[in-house]
Amino acid sequence: MDIFLKFISTTAFSTMTMGNLGMIVIGIIFITLAIRKDYEPLLLVPIGFGVIVGNIPPVTGMMLSVYDEGSVLNMIYYGVSQGLFPPLIFLGIGAMTDFSTMLSNPKLVLLGAAAQIGIFLTFVGALYLGFTGAEAGAIGIIGGADGPTAIFLSAKLAPHLLGSIAIAAYSYMALVPVIQPPIMKLLTTREERLIRMKAPRQVSQREKIIFPIAGFLIAALIAPGAIVLVGMLFFGNLLKESCVTERLANTARNAMIDIVTILLGFSVGASTQAQTFLTSQSLLIFGLGALSFAVATAGGVMFAKFMNLFLKDKINPLVGAAGVSAVPDSARVVQMVGQKEDPHNFLLMHAMAPNVAGVLGSAIAAGILWSVLVL
Amino acid sequence: MNNLVPGVENIFAANGPAIAIMGMLIVFAALAFISLFISQLPKLLPMLSNMFPEAHHHSEPAPSQPADHDKVLVAIAHALFHREAGSLPAK
């Protein structure tokens, strides 16, 4: 009988809290949204299941949780906590990104820069609320709308907030089709939304090969803190565009990125234990995250309108919203909103230019915040 | 967990405005330089082409020589002749 009672005391039922139950429900909601609504399934399924796994209360004396040194989950989480996984994901992203739309219309790169105002205004907002500089920097990067960048910077600046920041970043990336359209319509007139842009020019293979090398040199020399993320992004792109390393590019954009995504999503989800995640700080982070996306969208749209004051060939201001680097969701949102006004206006290819520039911009912003706030 | 106390003084205590303004300027500068480089690249490429002429793409097949086409015709003619003459089985 004593053995039976001892066994009962080692089950998770005896130590389960309402917080753990709540988090398990949240994990189930993520999985449901991914499967039923097709909301970022490649991320929400691993994260959702990781949340469920991470909120089974650990048994004293057994190394089971993400935070138990030497446990399996801890070893997988090492890639997140030490910032290994995000650069590998950027390698895969570079190997699947086509920069030709950006190369064919370089002025649209500036829209990707403008959208990063969401990062820095959210940084200021987080400071106002009382977060430390490092914490505010990690929260601000949510506005970059880039999951790997958010995880990378949080791991460096505020590892105790990594779970909340990662969940906020990925949740809002999945909600881009909900958050962006009202802001885009509010800040543009019908006439502006109907602007048709000139077709992009053809870009030569030489340009596509030279760009990742030159782009990396420019970005890394200006913001050395961005070396890791930007370097891997452009390295992956060179593997793709050089045409002599196709099998490496193929591995990077398929098998490798899938493996890292599984491990990263699962371990980030498992790190969101109720005790560390269900706090008032997490609620504030979620609120700031929504604000950052809204400000980033507004920043891109308004800057496009500003540029139109000086341009003969006008930019459709909707394209500015694609500076929020949720690739390719925000570009698709631009296409969708544009087509509601004019079904024959195809903005997707134009929107991809600020979209990929935004990836670059958020990586550079992360490098700047890391170098300023950690040193 | 630290208790958060909101206040404008928090922003200035952490050099918030300076970091935000400087950060945006650096992001803009980096992407503006990249944009400028991209816009000048089509003008730089002809100079590069003089120094490094275009080579055949590795994954593209080498263009076939005219003699190959004639050899194929000869082979087909040879096979047809022998089939008509009965030395090759008909399909």
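Numbers restart at 1 for each chain; the letters A, B, ... are given by sequence-line order, proteins then strands.
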Are the side chains of [Y] and [X] in contact, using a 4.5 Å heavy-atom criterion?
X	Y	answer
F12(B)	P17(B)	yes
F152(A)	V228(A)	yes
I38(B)	F99(A)	no

Checklist line | Contact summary for L373(A) and G137(A), nearest pair of heavy atoms | finding: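 Closest approach of L373(A) to G137(A), heavy atoms only: CD1-CA, 3.7 Å.
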Margin query: If we define contacts as heavy-atom pairs under 4.5 Å, which of N15(B), L45(B), L31(B), I21(B) has the most with chain A?
Written below: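 The candidate making the most pairs under 4.5 Å is L31(B).
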Notebook entry, point to check: When heavy-atom pairs shorter than 4.5 Å are enumerated against chain A, which of A14(B), G7(B), A13(B) gives the highest number?
Noted result: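 Winner by heavy-atom pair count: G7(B).
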Checklist line | Proximity breakdown for V5(B) and chain A, heavy-atom pairs closer than 4.5 Å | finding: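 Contact with chain A involves the backbone of V5(B) alone.
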Next item on the list: Could you tell me which portion of F37(B) (side chain, backbone, both or neither) has an atom closer than 4.5 angstrom to a non-hydrogen atom of chain A?
Entry: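 Answer is side chain: those atoms of F37(B) sit under 4.5 Å from chain A.
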Margin query: For chain B, which candidate among I210(A), I218(A), I364(A) shows the most heavy-atom pairs at distances under 4.5 Å?
Written below: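 If we count pairs closer than 4.5 Å to chain B, I218(A) comes out on top.
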Note to self: Looking at chain B, which one of I368(A), L129(A), L217(A) has the largest number of heavy-atom pairs inside 4.5 Å, strictly under?
What the structure shows: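 Between I368(A), L129(A), L217(A), the count favours L129(A).
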Notebook entry, point to check: Would R201(A) and E207(A) satisfy salt bridge (charged side-chain N to carboxylate O under 4.0 Å, His left out), going step by step from the backbone distance to the final call?
Noted result: CA-CA 12 Å; R201(A) 68 172 176 89; E207(A) 287 176 272; 2.8 Å; yes
Region of [X] in contact with chain B, defined by heavy-atom distances below 4.5 Å:
X	answer
F216(A)	neither
L108(A)	neither
A114(A)	both
L221(A)	neither
F123(A)	side chain

Next item on the list: May I ask you to decide if the ring planes of F306(A) and F303(A) are parallel, tilted or perpendicular, using 30° and 60° as cut-offs?
Entry: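 If you compare the ring of F306(A) with that of F303(A), the planes turn out tilted.
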Item checked: Listed partners of T122(A) passing side chain to side chain contact (heavy atoms under 4.5 Å, CB included), at least two apart ->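 Side chain to side chain contact (heavy atoms under 4.5 Å, CB included) list for T122(A), sorted by chain: I139(A), L288(A), S292(A).
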Notebook entry, point to check: Which pairs, with at least one residue in residues 212-231 of chain A and sequence neighbours excluded, count as a side-chain hydrogen bond (donor to acceptor under 3.5 Å, both in side chains)?
Noted result: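 Counting only pairs at least two positions apart or across chains, no side-chain hydrogen bond (donor to acceptor under 3.5 Å, both in side chains) contact touches residues 212-231 of chain A.
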